[in-house]
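Structure, as structure tokens:
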2 protein chains.
Amino acid sequence: MTAKNPAQALDNQLCFTVYSMAHAFNRAYRTILAPFDLTYPQYLVLIVLWAEDGLSVREIGAKLFLDSGTLTPLLKRLEAQGYVRRARDKADERQVRISLTDEGRALQERASGVPQEIGCTLGMAGDEYRALLGQLADLRGRLQAYEPQAIQEDEPG
Amino acid sequence: MTAKNPAQALDNQLCFTVYSMAHAFNRAYRTILAPFDLTYPQYLVLIVLWAEDGLSVREIGAKLFLDSGTLTPLLKRLEAQGYVRRARDKADERQVRISLTDEGRALQERASGVPQEIGCTLGMAGDEYRALLGQLADLRGRLQAYEPQAIQEDEPG
DNA sequence: TGGAAATGAATTGCGCGCAATTGATAAATC
DNA sequence: GATTTATCAATTGCGCGCAATTCATTTCCA
């Protein structure tokens with residue numbers, strides 16, 4: 001630990017912890033979702049649609065913080081797998097509405113064990129879980145509100 | 001909120017919060033690191049090297065939880081930018097040692113304002129920050145210890 | 001010592017994730 | 001009503017992130 005700037009030390013960085021935790025989650029989900037031939041982002045889209053079917057690409061993106069550049073190819077894959085249908089909105093042809101197929105709806109039951117599977121991996125008490133969740137959502141909000149500003153170079157901490 | 005399985009609801013999911021927070025961090029870093037032509041993973045590699053120069057690809061990967069499939073092209077880009085050198089270890093030619101160039105070392109000073117820039121964005125007290133950090137690192141450990149096991153389908157919660 | 005096993009990096013293939021652009025449709029403005 | 005502006009999805013390009021494979025080198029050990 002001979003870093004001149006302690007703030008740059010890796011172990012102390014919240015961002016790195018979140019970054020590496022996201023990857024750890026992703027790897028765990030990869031295994032758990034393998035029987036359904038789903039990736040974690042695809043599973044997230046299905047969770048959204050199970051709660052409310054027939055959303056537009058934009059509406060799905062708003063819930064998941066993703067844009068069309070990510071969602072369009074992802075949704076095409078879900079369509080190719082037979083889980084969703086993509087169709088232009090009759091009233092507003094700019095929008096594409098995503099609706100579940102029978103197979104997509106049936107998947108909700110088939111995959112109902114997934115959250116428990118992940119939950120067991122974490123092994124947290126309910127209160128602890130909810131407190132952590134609140135803190136993280138709060139942090140995410142502050143990050144998303146981040147307004148880019150010029151950074152001064154050569155300004156030793 | 002008509003989901004049959006409440007555990008599948010999006011807002012309650014710790015994994016989704018971590019997932020979307022990681023992206024929020026990434027977007028914030030994209031702006032902050034733009035003046036240095038660095039991505040966040042590239043910046044992480046430099047932090048590791050600033051602490052300990054001359055590590056092998058494998059050693060860097062162990063610290064960042066990344067493998068050669070990710071690191072090799074990333075390190076080639078850092079080399080192309082003139083921040084690091086890649087050279088086979090004389091004693092063990094299987095390993096490739098990564099060492100900072102003068103420019104790579106100088107970057108540590110130039111980028112010394114980055115952690116503060118991110119920290120301001122978060123706006124947390126020190127104690128709160130450390131407690132959160134500890135919880136997350138603990139969770140990451142449990143996730144990384146996850147042993148894949150078969151999932152039973154059709155098991156309504 | 002010679003062959004099998006292990007190790008380390010590189011490569012391939014695929015799916016995100018996002019900035020930037022394009023093209024089509026709808027809404028706003030004059 | 002024609003033109004400008006805004007909105008939405010799709011596309012392009014690039015950099016991860018990781019599983020799986022390949023190739024070279026080293027270690028193990030019989």
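So you know, we letter chains A, B, ... as the sequences are listed, proteins then strands, and number each from 1.
Rounded to the nearest 0.5 angstrom, R30(A) CZ and N26(A) CG are separated by 5.5 Å.
Distance from the side chain of E93(A) is smallest to dA26(C) among dC18(C), dA26(C), dG15(D). Taking the side chain of R30(B) as heavy atoms from C-beta on, and the options dC18(C), dA9(C), dG17(D), the nearest nucleotide is dC18(C).
At a cut-off of 3.5 angstrom, the base of dA9(D) holds no donor-acceptor pair with the side chain of T72(A).
Between E103(A) and R110(A), none of the side-chain N atoms (NZ, or NE/NH1/NH2) sits under 4.0 Å from a carboxylate O, so this pair counts as no salt bridge.
Note: CG (L38(B)) to C1' (dG15(D)) measures 13 Å, nearest angstrom. In this structure, the CZ atom of R94(A) is 12 Å from the C1' atom of dA28(C), given to the nearest Å. Going from atom NZ of K76(B) over to atom C1' of dA10(C) covers 7 Å, rounded to whole Å. Following rounding to the nearest Å, R58(B) (CZ) and dC18(D) (C1') show an atom-to-atom distance of 15 Å. As a whole-Å value, the separation of E79(A) CD from dA9(D) P is 15 Å. Between R77(B) atom CZ and dC14(D) atom P there is a gap of 11 Å when expressed in whole angstrom units. For R97(B) and dA9(C), the CZ to P distance is 8 Å, given to the nearest whole Å. Taking atom CG on D92(B) and atom P on dT27(D), their separation rounds to 6 Å, with Å as the unit.
Nucleic acid contact for A22(A): none, since no nucleic acid atom lies under 4.0 Å from a heavy atom of the residue. Within the 4.0 angstrom heavy-atom criterion, no nucleotide atom of any strand lies near A34(B). As judged by a 4.0 angstrom heavy-atom cut-off over every strand, T39(B) is placed among residues touching the sugar-phosphate backbone only. T70(B) comes within 4.0 angstrom of a base, heavy atoms only. Backbone-only engagement by R86(A) is indicated by non-hydrogen atom pairs under 4.0 Å involving sugar-phosphate atoms exclusively.
OP1 and OP2 of dG15(D) both lie 4.0 Å or more from every side-chain N or O belonging to Y40(B). Y19(B) has no side-chain polar atom (N or O) that falls below the 4.0 Å cut-off from OP1 or OP2 of dC16(C). Between Q95(A) and the phosphate of dA24(C), there is no side-chain N or O to OP1/OP2 separation shorter than 4.0 Å. Taking side-chain N and O atoms only, S56(B) has a distance below 4.0 Å to OP1 or OP2 of dA9(C).
Residues V114(B) and Y29(B) meet the side-chain proximity criterion, which asks for heavy atoms closer than 4.5 Å.
Between Q42(B) and D37(B), the shortest heavy-atom distance links the atoms OE1-O, 3.8 Å.
Aromatic ring orientation, W50(B) versus Y43(B): perpendicular (interplanar angle above 60°, classes split at 30° and 60°).
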Test ring pair (Phe, Tyr, Trp, His ring centres under 6.0 Å) applied to F25(A) and Y40(A), step by step: CA-CA 9 Å; F25(A) 264 124; Y40(A) 180 59; 7.6 Å; no
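Taking for each of L71(A) and H23(A) the nucleotide of DNA chain D with the nearest heavy atom, the 5'-most of the two is the partner of L71(A).
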